[in-house]
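This report refers to the structure that appears directly beneath it.
Order of listing sets the numbers, starting from 1, for every ligand and every atom in it.
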Amino acid sequence: MHGSPDIARLPGRSGEVDARSTPRATGMIVVVESEPTLARQLLAVEPSAVVIDDLGALRDHLACHPGTDIVVAGPSTPLDDVLRLSTELRVTRPGVGVVLVRPSLDTELVISALRAGVRDVVKTEDADGLRGALTRARAVAAALRQRDASAVDGATSRGVVVTVFSTKGGCGKTTLACNLAATLAAGGRNDVCLVDLDLNFGDVAVVLRLMPARSLADAAPYSLDIDLPAVETLLTRHSAGLYTLPAPIDPHTAETISAGLVGRVLRLLTRRFAFVVVDTPPAFTDPVLTAFDQSDLIALVATLDLPAVRSLRATLDTLQALKIPTERLRVVLNRADSKVGLSASDVETTVTFPISAHVPSSRDVPASVNRGVPLVLEETDHPVSAAIRTFAREHVLPLRADGELIPAALRSDRRWFARRRRR
Ligand SMILES: Nc1ncnc2c1ncn2[C@@H]1O[C@H](COP(=O)(O)OP(=O)(O)OP(=O)(O)O)[C@@H](O)[C@H]1O
Ligand SMILES: [Mg+2]
C-alpha cells in the first residue's frame, strides 16, 4: 500500500468524534487504527474513510452516525475486542460490516473471525484484497438497506397518523397537536411521536420547552435512503413518554426538506410509534400534502370568527378535490365558548360539516405554554384537557385495532372504547 493523506485533518479522528455533528448519509466507512502509518496505508485504499483511534471511540461514533456501513479494524486493534464488537454488531447493527486487517493470517484466526460475524479478513499489505473486501461489504450493506426499505413500504402493522391543520394562522394547531400527543403518550409507553412540519416557523420545541440537538433538516443529507435508526437519532424525547421530531432550528434549511423525504420519514415513524401526530403551518405546502396522504385522521382546527370559518370551508373543498376521504376529516372548534356573535351551530351550518370537538377558551392555555408543560399533563381535570382527551378517546384511539395500546390515563374508558369498536 502507498499514499499518505493527512489523517490528522480527517473528521473522525479520535477525540473529535462529535455526537452532535450532522450524520452523513449511508455508506460511511470507518477505519479503526491508532498507528498513523498503518492508518495512512488503509486510507490510501479508501480515502473517504473516517479514522478513529480505538473501539471505545468507535462505539460513540456508531451511536450517532447510523449511516455507517463498514468498520475496518486495523492491524493494531486488539483482536479479542474486535471479535467481541463484531458479535455484538451482528445483533444490534446487522447493517454494519466488519472487515478485519491483520499482519498475518492463519486458519484459526479466519475461522474465529467469521464465527464472530466478521465479513472479511485481509492481510495488512494486501491493498487489492482490502479493496475487494470493501466492495463486497458495500454490496451487502446496500442489499440490507434495500430489504429494510421494502419492509417499510410493505409493512402491514403501522402506527396511526393524525395531522392537525388549518389555513388560518394562530387558531390553535400547535396547542392541539402538543396536547393531543401528550394525551396519547400519557401512559408513558414511549410510543407517540409529534412531528413539526411547520418547517419555517415551527414552535413545538418552544411549546414543550425542548432544546433539540437535531431536527428534520438533519434528515436532508440522507435523502430517500434514510432508515429508522437514522430517523431515531433526530428525535428529542419529552418527559411524558413522548418523542418529537422538531422543525429545523435554522428556518433557512427548510427548503432542503423535500416532500419525498417527509413521506419516507413519516412512514418510518409509523413503524416505530403507535401514534404519530403532525403539526403543520397554515398553508398547503408539499410536506403537508404528503402528510395528508399518509394521515388516518386530519383534525381541522377552526375558531368562531368569519375568516376562520371561510378558510375551513375552503379547506374542506380543497381536501375533497384532493380526494382525501371525508371520513378521515374531523373539525375541532377551538375557543368554542368565545362570545363573538357566531355559534358552533352557525359554523356547522355554514361549512356543512359536523364539529367533533369543542375546546374551550382559557388563559391557562398560554400560561401553560409559558411554563413549557402541556396543559393536559399539568391540569388533567381542566376543561381544555378534558375536551382534548375526549377527542383522543372518541376519534383517535378507535383507529388502533389493538386495544392494549390505550394509554393508562385513558384506560378507564375502555368499556366505552369496546362499545364503539363493536358499532
Ligand atoms: N383554547 C385556547 N384558549 C386560550 N388560548 C389559546 C387556546 N388555544 C390556543 N391559544 C393560544 O393562541 C395562540 C396561538 O395558538 P397556536 O400557536 O396553537 O396556534 P397555531 O394555529 O399553531 O398558530 P400558527 O398558525 O402560527 O402556527 C397561542 O398563544 C396559544 O396559547
Ligand atoms: Mg403553530
Side-chain angles (χ1 to χ4, degrees), residues 162-183 194-210 212 215-216 238 242 244-249 251 254 257 262 276-285 287-288 291-292 295 298-312 314-315 318 330-340 342-344 347 355-392:
V162 181
T163 298
V164 180
F165 181 70
S166 161
T167 53
K168 175 99 189 330
C171 64
K173 294 180 290 296
T174 304
T175 303
L176 178 64
C178 290
N179 281 280
L180 178 62
T183 297
L194 173 57
V195 179
D196 195 345
L197 280 192
D198 189 353
L199 302 178
N200 289 105
F201 304 108
D203 50 6
V204 161
V206 176
V207 170
L208 297 179
R209 204 170 278 186
L210 298 169
S215 76
L216 247 175
H238 182 267
L242 169 65
T244 62
L245 180 46
I249 296 138
I257 302 164
V262 167
V276 177
V277 179
V278 182
D279 189 20
T280 57
F284 286 98
T285 60
V288 166
F292 285 163
S295 294
I298 301 172
L300 300 170
V301 186
T303 45
L304 283 172
D305 55 283
L306 270 180
V309 176
R310 277 225 311 271
S311 96
L312 173 61
T315 299
T318 308
R330 299 290 185 280
V331 171
V332 174
L333 191 61
N334 191 25
R335 317 186 92 157
D337 53 347
S338 308
K339 305 274 179 287
V340 285
L342 271 182
S343 70
V347 176
I355 293 170
S356 298
H358 298 75
V359 181
S361 188
S362 167
R363 67 177 59 161
D364 297 331
V365 173
S368 72
V369 171
N370 291 341
R371 284 192 297 276
V373 185
L375 195 62
V376 291
L377 297 182
E378 216 175 26
E379 293 184 52
T380 46
D381 294 335
H382 195 285
V384 168
S385 309
I388 293 173
R389 205 163 46 244
T390 304
F391 179 69

Roughly how far, to the nearest 0.5 Å, is the [atom2] atom of [Y] from the [atom1] atom of [X]?
X: Asp196; Y: Ser215; atom1: CG; atom2: OG; answer: 9.5 Å
X: Leu300; Y: Ile355; atom1: CG; atom2: CD1; answer: 11.5 Å
X: Phe201; Y: Asp198; atom1: CZ; atom2: CG; answer: 7.5 Å

Under a strict 4.0 Å criterion on non-hydrogen atoms, which protein residues are in contact with ligand 1?
-> Gly169, Gly170, Cys171, Gly172, Lys173, Thr174, Thr175, Asp198, Pro282, Asn334, Arg335, Pro360, Ser361, Ser362, Val365, Pro366
Anything under 30° is parallel, anything over 60° is perpendicular, the rest tilted; go ahead and classify Phe165 against Phe284.
-> tilted
In the protein, how many N/O/S atoms are under 2.8 Å from the Mg ion (ligand 2)?
-> 1
Using side-chain contact (heavy atoms from CB on, under 4.5 Å) as the criterion, point out the one residue from Asn334, Asp337, Val347 that pairs with Leu304.
-> Val347
Which atom names give the shortest non-hydrogen contact between Leu342 and Leu306, and what distance separates them?
-> CD1-N, 3.9 Å
Donor-acceptor side-chain pairing of Thr380 and Ser385 below 3.5 angstrom = no
Does the side chain of Thr174 come under 3.5 Å of the side chain of Asp279 through a donor N or O and an acceptor N or O?
-> yes
Ser362 and Val384: side-chain contact (heavy atoms from CB on, under 4.5 Å), yes or no, with the steps?
-> CA-CA 8 Å; Ser362 167; Val384 168; 4.1 Å; yes
